[in-house]
Structures are given as structure tokens and as C-alpha cells.
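Take a look at the structure set out below.
In what follows, every heavy atom counts, from backbone to side chain, and hydrogens, waters and symmetry copies are set aside.
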Amino acid sequence: MVTGCSVSDLAAKLAFFPPSPATYSVKKVNGRLVASGIPRDRSLDVLMVDTKRGNKIVAFFLRNPYAKLTILYSHGNAADLGQLYDLFVQLKVNLRVNLMGYDYSGYGASTGKPSESNTYADIEAIYQCLETEYGISQEDLILYGQSVGSGPTLHLAARLPRLRGVVLHSAILSGLRVLCHMNITLCFDIYKNINKIKKVKCPVLVIHGTDDDVVNWFHGNGLWKLAKEPYEPLWIKGGGHCNLELYPDYIRHLNRFVQEMESTTTASHLKKIRQSLQKTPKTSSKTTNTTFTTNCCCRIRFQLPQCKCCSQTGCLIMRSKRAAYFCNWCCGEN
């Protein structure tokens, strides 16, 4: 018997390595949140944002008075905001952008535990904060995902049709594909970016090192080939997984991308969106009570028993040559 939940849990455990202890803490000083170890800066807002899954996540918002666009940065799996602050400042200055970075649930001073579902709720909460607290709309937003951060980045990008741009830095095709080569997407895989990239309607810049020994270069190349509107990629010769920012081509190419996104008017961007929607074939919305297909790797018949092998609620029994049990979450509802 193969348990989809257990495989998905294993993949999640291999995906998240929050720094322990956290490299910073958060406290209130004179009614304002500040982060220990981070220089006091009037252009920096330290935020505590509530997510729909009940966690409180920490975010840094760095203002640039000359900015036209804002970057929402989703970091990799082994860093927190305390380690990334200096990079955020450099990006804010060199790219002339506002920058919002956040810690996933269970990272840094954020509450909860890291999981795929939590990272999706985390980025949704941060995007809502940008809209309500700072008046930043998707038309003026670039989503940036590094490594595992490409998962929440593409999750949100697939839902925002008027987004200005996406940057995928050392990104993954999916969680299990990092562990082993496979040509099919299994239901219990995590971060199925290989499917979500096809739903992104804005320019996508892919940056990847040719010598990345953590996430092979073929992940970045695959995502670039699948993008509907691929921007000229940056393949950094000799670059690894965590050192691409040290190469001069990194900031040079990224700066060119941001400048081109700035010059793209909202009218021309909306025209491209309308054209892409007109080319999209209409699909039937009919559903049945016996077939589960949404975001799943296969078409299956199911019944809704009381699951005895999974802690998740509402599990499905999938019957094949050998019975296997997968929960709704494993089958890609998230």
C-alpha cells in the first residue's frame, strides 16, 4: 500500500529548512514594530500579517521614493528575513523598486509550521496587505520567487491576470522532480509549478545557474519553455544554487527586465491579456459526482469513505491495481 499523504509529507519535510534559531526577533517600540539586528530605517516597515490559516507572518516593506513598481519576494527554503535584509536593500536601490519580503509560516518570527498550503496562504495575505495598506495593484507588481519560493509565486501569479511580471530564480518544476527525474506529475507531488506556469499571463524571466547542484538547470529551462510569455532567460555559466546574486550579469539582466516592465503601459498590457483570452479555447464546465480531475495528474473514480490511514479530513480512495489512499490536499486542491 502506497500512502500519498505520507509521500507528500516526506516531500514537505525535504522542502523546508528554516534557520534555527531565527536570525531576528520582532518587538514593539513606541507602538511600532521593529526587528532586532536590522538597522533602524524610516523607509522600512516591519509588519505582522494574519493569514486565513490562522498564522501571523512577518514581512518587511522597503520603500523607494523613485519606484514605479513593487517586487514581492518569496525566498528560498533555508533563509529568513534577517539574512535577506541586505539583499533587499541592494535590490531596492539598484532596481529602483519598492520591495516586500516575508517569512513563511514557521520561518523567522512567523508563527505556525511550514507547509505547501501555508505558503500559499502566506503569499495571498501579503498580496492583500499590499493592496489594502499600500494601494499597490497587480498591474504595478512583479512577483519574485527563489527556489522553493517559486511555488507560492506561481500559485499567486496564476491567479492574477493583470500582473506586470514574474521572476523565477533557481526555480523548481515540482517538489518531487528535485528528488528524482520523472516525466509525469503525481497527485501527491508538491509545488506543481510545471502546471501553474502555463496559467501565467505576464512576462516571465527565468534565472538559473548552469552548475546548480541542488535544483538542476533543466528545471529553469523547462519552466522557461512552458511560459506563455517568456522573457530572455539568464543562464549564469558556472552559477550554483545560492550564489547567483554575486555575478554581475544577475543585477544587469534583472535591471533590464524591470525597466522594460516599467515601460510597458497598462493599456498595452491589457491588450495582450485580451488577445490571450480570445485564443484560449472554451472548456466545458460540466462536472459529475464520480470523477475528480481538478489539478490532478490523472482521472479517477472515487468514493468518500471514512479514512483510516490519513489524518486529513475528507479523503478519497483511489482504486487501481494496488489500492492507494490519497487525500484531497494530495490530489491538488491547493
**OP:** Evaluate the criterion side chain to side chain donor-acceptor pair (under 3.5 Å) for residue pair Tyr120 and Glu124; output intermediate values, then yes/no.
**Re:** CA-CA 6 Å; Tyr120 293 158; Glu124 289 172 7; over 6 Å; no

Original post:
So, Glu232 and Arg256, do they make that salt bridge, N to O below 4.0 Å?
Top reply: yes

Subject >> From Phe88 atom CZ to Ile71 atom CD1, the distance as rounded to the nearest 0.5 Å >> reply: 10.0 Å

Original post:
Passes side chain to side chain contact (heavy atoms under 4.5 Å, CB included), Lys92 versus Ser43? Steps please.
Top reply: CA-CA 11 Å; Lys92 179 193 78 168; Ser43 68; 3.2 Å; yes

**OP:** Could you pull out the closest heavy-atom pair between Gly151 and Asn193, with the gap in Å?
**Re:** CA-OD1, 3.5 Å

Original post:
Where is the tightest heavy-atom contact between Val215 and His241, given as atom of each residue plus distance?
Top reply: CG2-CE1, 3.4 Å

Original post:
Any donor and acceptor pair, going by atom type alone, linking the side chain of His253 with main-chain N or O of Leu205 inside 3.5 Å?
Top reply: no

Original post:
Salt bridge or not for Arg63 and Asp45, using N-O below 4.0 Å?
Top reply: yes

Original post:
When you look at Leu168 and Leu154, which way does the side chain to side chain contact (heavy atoms under 4.5 Å, CB included) test go after all the steps?
Top reply: CA-CA 9 Å; Leu168 299 177; Leu154 287 175; 4.1 Å; yes

Subject >> Partner residues of Gln138 under the side-chain contact (heavy atoms from CB on, under 4.5 Å) criterion, sequence neighbours left out >> reply: Tyr127, Leu160, Pro161, Arg162, Leu163

Original post:
For His75 and Asp80, does a side-chain donor sit closer than 3.5 Å to a side-chain acceptor?
Top reply: no

Original post:
How many angstroms lie between CG in Leu176 and CG in Asp189, if you round to the nearest 0.5 Å?
Top reply: 3.5 Å

Subject >> Any donor-acceptor N/O pair, Tyr24 side chain to Ala109 backbone, under 3.5 Å >> reply: yes

**OP:** Check whether any side-chain heavy atom of Ser170 lies under 4.5 Å from a side-chain heavy atom of Gln146, and answer yes or no.
**Re:** yes

Subject >> Within the 6.0 Å centroid threshold, strictly below: His155 and Tyr191 >> reply: no

Subject >> Sequence-distant partners of Lys27, salt bridge (charged side-chain N to carboxylate O under 4.0 Å, His left out), two or more places apart >> reply: none

Original post:
Distance from Tyr66 atom OH to Asn98 atom CG, nearest 0.5 Å?
Top reply: 13.0 Å

Original post:
What's the spacing between Ser147 OG and Asp212 CG if we round to 0.5 Å?
Top reply: 8.0 Å

**OP:** Could you grab the distance from atom OG1 of Thr23 to atom CD of Gln83, nearest 0.5 Å is fine?
**Re:** 4.5 Å

Original post:
Taking only residues two or more places apart in sequence, or in another chain, which ones meet Tyr247 in a side chain to side chain donor-acceptor pair (under 3.5 Å)?
Top reply: none

Original post:
Which heavy atom in Arg164 sits nearest to a heavy atom in Thr264, and how many Å separate them?
Top reply: NH1-O, 2.9 Å

Original post:
With side chains defined as the heavy atoms from C-beta onward, is the minimum distance between Val49 and Gln128 less than 4.5 Å?
Top reply: no

Subject >> Glu131 atom CD, over 12 foreign heavy atoms within 6.0 Å >> reply: yes

**OP:** Take the angle between the ring planes of Phe257 and Tyr231 and call it parallel below 30°, perpendicular above 60°, tilted in between.
**Re:** perpendicular

**OP:** Indicate if Val93 and Leu246 have the same hydrophobic cluster label, given that clusters are the connected sets of ILVMFWY residues with side-chain heavy-atom separations under 4.5 angstrom.
**Re:** no

Subject >> Heavy-atom side-chain proximity of Ile251 to Leu95 below 4.5 angstrom >> reply: yes

Subject >> Side-chain heavy atoms of Tyr102 within contact of Leu72, under 4.5 Å >> reply: yes

**OP:** Go through the steps for Ile207 and Val167 under the test side chain to side chain contact (heavy atoms under 4.5 Å, CB included), then give the verdict.
**Re:** CA-CA 8 Å; Ile207 303 172; Val167 179; 4.1 Å; yes

Original post:
Does one side chain, of Tyr107 or Asp122, offer a donor that lies under 3.5 Å from an acceptor on the other?
Top reply: no

Original post:
Any side-chain heavy atom of Asn221 sitting closer than 4.5 Å to one from His208?
Top reply: no

Original post:
Between Asn77 and Ala15, is there a donor-acceptor pair closer than 3.5 Å when you use the side chain of the first and the backbone of the second?
Top reply: yes

Subject >> Set of side-chain contact (heavy atoms from CB on, under 4.5 Å) partners for Leu87, sequence neighbours left out >> reply: Tyr73, Leu84, Leu91, Glu245

**OP:** Taking all heavy atoms of Val204 and all of Ala227, pick out the closest pair and write down the distance.
**Re:** CB-CB, 4.1 Å

Original post:
Does any donor atom in the side chain of Ser25 or Ser36 lie under 3.5 Å from an acceptor atom in the other side chain?
Top reply: yes

Original post:
If you round to the nearest 0.5 Å, how far is CG of Leu141 from SG of Cys202?
Top reply: 9.5 Å

Original post:
Any idea which heavy atoms bring Gly239 and Leu244 closest together, and the distance?
Top reply: CA-CD2, 3.7 Å

Original post:
Cluster question for you: counting only ILVMFWY and a side-chain heavy-atom cut-off of under 4.5 Å, with indirect links fine, are Met100 and Val34 together?
Top reply: no

Original post:
Would you call Tyr144 and Leu254 a side-chain contact if the rule is heavy atoms closer than 4.5 Å?
Top reply: yes

Original post:
side chain to side chain contact (heavy atoms under 4.5 Å, CB included) between Thr51 and Asn118: does it pass, once the steps are laid out?
Top reply: CA-CA 8 Å; Thr51 78; Asn118 276 340; 5.7 Å; no

Original post:
Quick one: are Ser105 and Arg53 in side-chain contact, heavy atoms under 4.5 Å?
Top reply: no

Original post:
Does Leu44 have any side-chain contact (heavy atoms from CB on, under 4.5 Å) partners at least two apart in sequence or in another chain, and if so, which?
Top reply: Ile38, Asp41, Val46, Phe60, Leu62, Tyr85

**OP:** Determine, stepwise, if the pair Arg96 / Glu262 fulfils salt bridge (Lys or Arg N to Asp or Glu O under 4.0 Å).
**Re:** CA-CA 11 Å; Arg96 292 167 66 97; Glu262 285 180 353; 5.9 Å; no

Original post:
Which residues satisfy the side-chain contact (heavy atoms from CB on, under 4.5 Å) test with Lys113, sequence neighbours excluded?
Top reply: none

Original post:
What is the minimum heavy-atom distance between Cys129 and Leu47, and which atoms define it?
Top reply: SG-CD1, 4.0 Å

Subject >> Pairwise side-chain contact, Ile57 with Asp103, heavy-atom cut-off 4.5 Å (strictly under) >> reply: no

